[in-house]
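Let me give you the structure first, and then I'll get to my questions.
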Amino acid sequence: MTDTPTADRPAPDPLLAGLRDLAEPAPTTLTDRVVDGWVRAPSPLGEVYAVAGAGGVRLLRTAAHAGDLEVFLEEYRTRHGRPVRPATRPPRGLLPALRGTGGPPELDLTDVGDFARQVLAATARIPAGQVRPYGWVAREAGHPKAVRAVGTALARNPVPLLIPCHRVVRGDGGLGQYLSGAGDKATLLAGEGLDLDRVADLAAAGTRLIGSDTTGVVCFPSCHHARRITDAHRRGFASLDRARAAGYRPCRDCRP
DNA sequence: GAGTCGGCAGTCT
DNA sequence: CAGACTGCCGACT
């Protein structure tokens, strides 16, 4: 992120916003000079807008959800109380992350509360193409009963796609809601290779976990271990209690 | 399967 | 500041 406001002139609309930001009180210290910058970038959900500061990406929204760029920038200003100008280039790692070919870029979550940060951290550990229930995230975040609060925290995820809150689904097998619409959640998961028809079938059958009768281990159905179980040895369970009663123990990777 | 209510963090009043 | 309200849920009628 450089601080040359004239480089890479943006489209007219953003320019007006940029000028408005320049009208803010001049920064006095060196750190104040680090002005956050916004960029547009492609994603599986179409164009996204993102803002990053020196500490990393702070806010990301799909263009479709944000409505338009000015609304997005206004959300950023009110959330962080900082001006934002067009950036000359996207933050390192953002484009590969949005393509699904790399880990997340540096993220700046300093303005996120403690609980929410734990929730986001747990969510970030869910591998691509897999899903976990809200209750699982609550437990991993250290607040096993705060299931609904997890939903609230994810609804306020400042960096969707980068922290994959679309991989958090309902315990009954439904996909649940999503920031920019349930349809986007399905699109993202299908794009990561999750078989949504199979998810729906398992939900309808009441199958929450899948075990192997050769290893005696149960997993969430999308866990990569579960996907390797051959038909002859696959066994479904409605709950972890049921699986335990049958002599199975939870997978150490997906921790059902 | 729809309705109800518990539980909890954040926000509003 | 306390209490009410709300929300990408879940367990139990």
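Side-chain atoms are counted along with the backbone in the values below, which use heavy atoms only and exclude waters and symmetry mates. Protein chains get the first letters and strands the later ones, always in sequence-line order, with residue 1 at the start of each.
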For B:dG7, the nucleotide meeting Watson-Crick or G-U wobble distances (both under 3.5 Å) is none
Between A:E140 and A:R132, does any NZ, NE, NH1 or NH2 come within less than 4.0 Å of an OD or OE carboxylate oxygen? no
Show your working on side-chain contact (heavy atoms from CB on, under 4.5 Å) between A:F220 and A:Q130 and close with a plain yes or no. CA-CA 9 Å; A:F220 287 114; A:Q130 299 191 29; over 6 Å; no
Below 4.0 angstrom, N of the basic side chain to O of the carboxylate: do A:R77 and A:E70 qualify? yes
How are the rings of A:Y178 and A:H166 set relative to one another: parallel (under 30°), tilted (30 to 60°) or perpendicular (over 60°)? perpendicular
Hey, does the side chain of A:H143 come within less than 4.0 Å of B:dC8's phosphate (OP1/OP2), counting only N and O? no
Using Watson-Crick or G-U wobble geometry with both distances below 3.5 Å, tell me the partner of C:dC8, or none. none
Across nucleotides 8-13 of chain C, 5' to 3', mark each nucleotide with B, S or - according to how protein heavy atoms within less than 4.0 Å reach it. BBS---
If the threshold is 4.0 Å, N to carboxylate O, is there a salt bridge linking A:R79 and A:D111? no
